[in-house]
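We name chains A, B, ... by the order of the sequence lines, and we start the count at 1 in each one.
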There are 2 protein chains.
Amino acid sequence: MTQTSLAPDTARAASTDAIRVAVSTVIFTVRRDPGDGSGRLMMPLVRRTREPYECLWALPGGWLDAGEGLDAAASRTLAETTGLTPSYLEQLYAFGDVDRSPTRVVSIVYWALLRADDVDAQRAAHEAAGDAPENVAWFDANAPGTLAFDHNEIVSYALWRLRNKVGYSRIAHGLLSDLFTLADLREVYEAILDRRLDPANFRRQVENSGNLIPTDRFRTGSHRPARLYRYNQDVELADRGPLSDSEPADIQPSSPETSTS
Amino acid sequence: MTQTSLAPDTARAASTDAIRVAVSTVIFTVRRDPGDGSGRLMMPLVRRTREPYECLWALPGGWLDAGEGLDAAASRTLAETTGLTPSYLEQLYAFGDVDRSPTRVVSIVYWALLRADDVDAQRAAHEAAGDAPENVAWFDANAPGTLAFDHNEIVSYALWRLRNKVGYSRIAHGLLSDLFTLADLREVYEAILDRRLDPANFRRQVENSGNLIPTDRFRTGSHRPARLYRYNQDVELADRGPLSDSEPADIQPSSPETSTS
DNA sequence: ACAAAAGTGTTCGTCCTACACCCATGC
DNA sequence: GCATGGGTGTAGGACGAACACTTTTGT
């Protein structure tokens, strides 16, 4: 599944019982709602241009190449289909039910985070280069509508994992730019957890966690200026267990080749 | 920081070799040490009978069949290679580095738990039926020696996950029989976490968790009799997220055939 | 009687939560 | 001045760690 608009021509056509391996990614970002000004968790999806599930929206992804690892395949297919390069990438789960696709496909699914300022920057870069990806649209991660394959279930699982992990790791920082106020950070937490947090208690929690380095800069413009903070780079972005040293999920820019057609 | 040690396109192998999908399982049980009487975390491994890594010990597993789901494949290959049927089974991670095997193999790895009383019972049943699995031996999960492929790394990750999960779910119960004392349960926790726990505080914690139902039976034989407890079956064995309702990792007996992939 | 495990009680420190309150800026 | 978000202080409750203590058995 999840061959988005990517060419599956390379796949051997005949053998019906071959098990193919695909890689897909659930990628989140937080965008400020123009309405009430609160942050909303958003997700880019790709419209399918062929059967099965033609015209339905699906997770970005593609086939695993014989010469690339799983992490690399996730980065590559994500860039090819959406033009985006995430700030954080982690494997989510392998989905392999027999009936999840008309042909037998095992999907290694990743989940990723994208910094708010990167969304527009990367899109603008693609616009300028004339290689803007087509068939990509942004959806409310909490209500993406009916998706292709078992992708609704996958998105639910990714959301569950994100909400869990925000409680015991620093992944929320993967959604912010280098400098941010505590209100920015709290907005991300509130978008993920979908509930309001006490500003006073939130401040103390993140200050005591030792992850934040206060700068001497402030953001002005409304009311009392708010201090800007930076991440402590010594601390891991997220707890990934003993696998964290093997491949730290740092993404290389990986020149996105125009291929969405 | 943008450079990740990824195989460049020059390394993309000549033939478009098919990517094969394997399923392996890290299975844990707690056995009482004959020496000091404390519980020890043990793990069955299978000796490889062919290249690569011939004669080295490896995780039980096998190839994914075209007509079976991932969970079913994990149960089947585990039974085929070790003759064991676990009490708990959950997907761990998908390993797919290009160089983790001479041929390109993506391994969907599961981890499983086995009740202490099931180990001997299942082994005795196989002895009687004359289909006792060969090339299977039990190892200390904390020091299994040098294993085939990347299986040392996989075992480390499974141990990390087990130690984490024992803190916020009831998986320890997957290692005990139906009736058990609080000392039995504590012994399991101590074997997993590899440290001693205060009996008094441990008692209150598990009693307040609502997972235990006290029976009116006691275990006698040494010192003051200890009350026997039973699990509250209404509570999930482990927190599996939104996937828990899809396939609750309950194992069907699935006739075990002796083999060693 | 004694040892040892089962089980209870109490104290202390830490962390989260709610909420009152002060501070600094734009208007 | 006044509204608003930034930032501090503080009291109360939940919970875990440490440990003293009582209970009940086998020997």
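- For A:Tyr157 and A:Trp111, the gap between ring centers reaches or exceeds 6.0 Å.
- Expressed to the nearest 0.5 Å, how far CD1 of B:Ile171 lies from CG of B:Leu162 amounts to 5.0 Å.
- Using a cut-off of 4.0 Å between Lys/Arg side-chain N and Asp/Glu carboxylate O, A:Glu190 and A:Arg186 are scored as salt-bridged.
- Counting heavy atoms of neighbouring residues, nucleotides and ligands inside a 6.0 Å radius, atom CG of A:Asp178 does not exceed 12 of them.
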Checklist outcome for this item: Contact string for nucleotides 17-27 of chain D, one letter per nucleotide 5' to 3', B = base within protein heavy-atom range under 4.0 Å, S = sugar-phosphate only, - = neither, reads BBB---BBBS-

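- Spacing between atom CG of A:Leu197 and atom C1' of D:dG5 amounts to 16 Å, rounded to whole angstrom units.
- Partners of A:Asn164 under the side-chain contact (heavy atoms from CB on, under 4.5 Å) rule, at least two apart in sequence or in another chain, are A:Trp160.
- Here chain B contacts DNA chain C (any atom closer than 4.0 Å to a heavy atom, that is under 4.0 Å), and the contacts span C:dA4 to C:dT10 from 5' to 3'.
- A:Phe149 and A:Phe95 have their aromatic ring centers separated by at least 6.0 angstrom.
- By the side-chain contact (heavy atoms from CB on, under 4.5 Å) test, B:Ala58 is found to be paired with B:Arg48, B:Ala148, B:His151, residues two or more places apart in sequence or in another chain being considered.
- In this structure B:Asn211 satisfies the side-chain contact (heavy atoms from CB on, under 4.5 Å) test together with B:Arg170, B:His173, B:Ser209, B:Val235, sequence neighbours excluded.
- Comment: A:Asp184 engages A:Arg219 in a salt bridge, judged by a side-chain N to carboxylate O separation of less than 4.0 angstrom.
- Heavy-atom minimum distance, B:Thr215 versus B:Leu228: OG1-O, 2.6 Å.
- Non-hydrogen atoms lying under 4.0 Å from DNA chain C are contributed by B:Ala183, B:Arg186, all within residues 181-191 of chain B.
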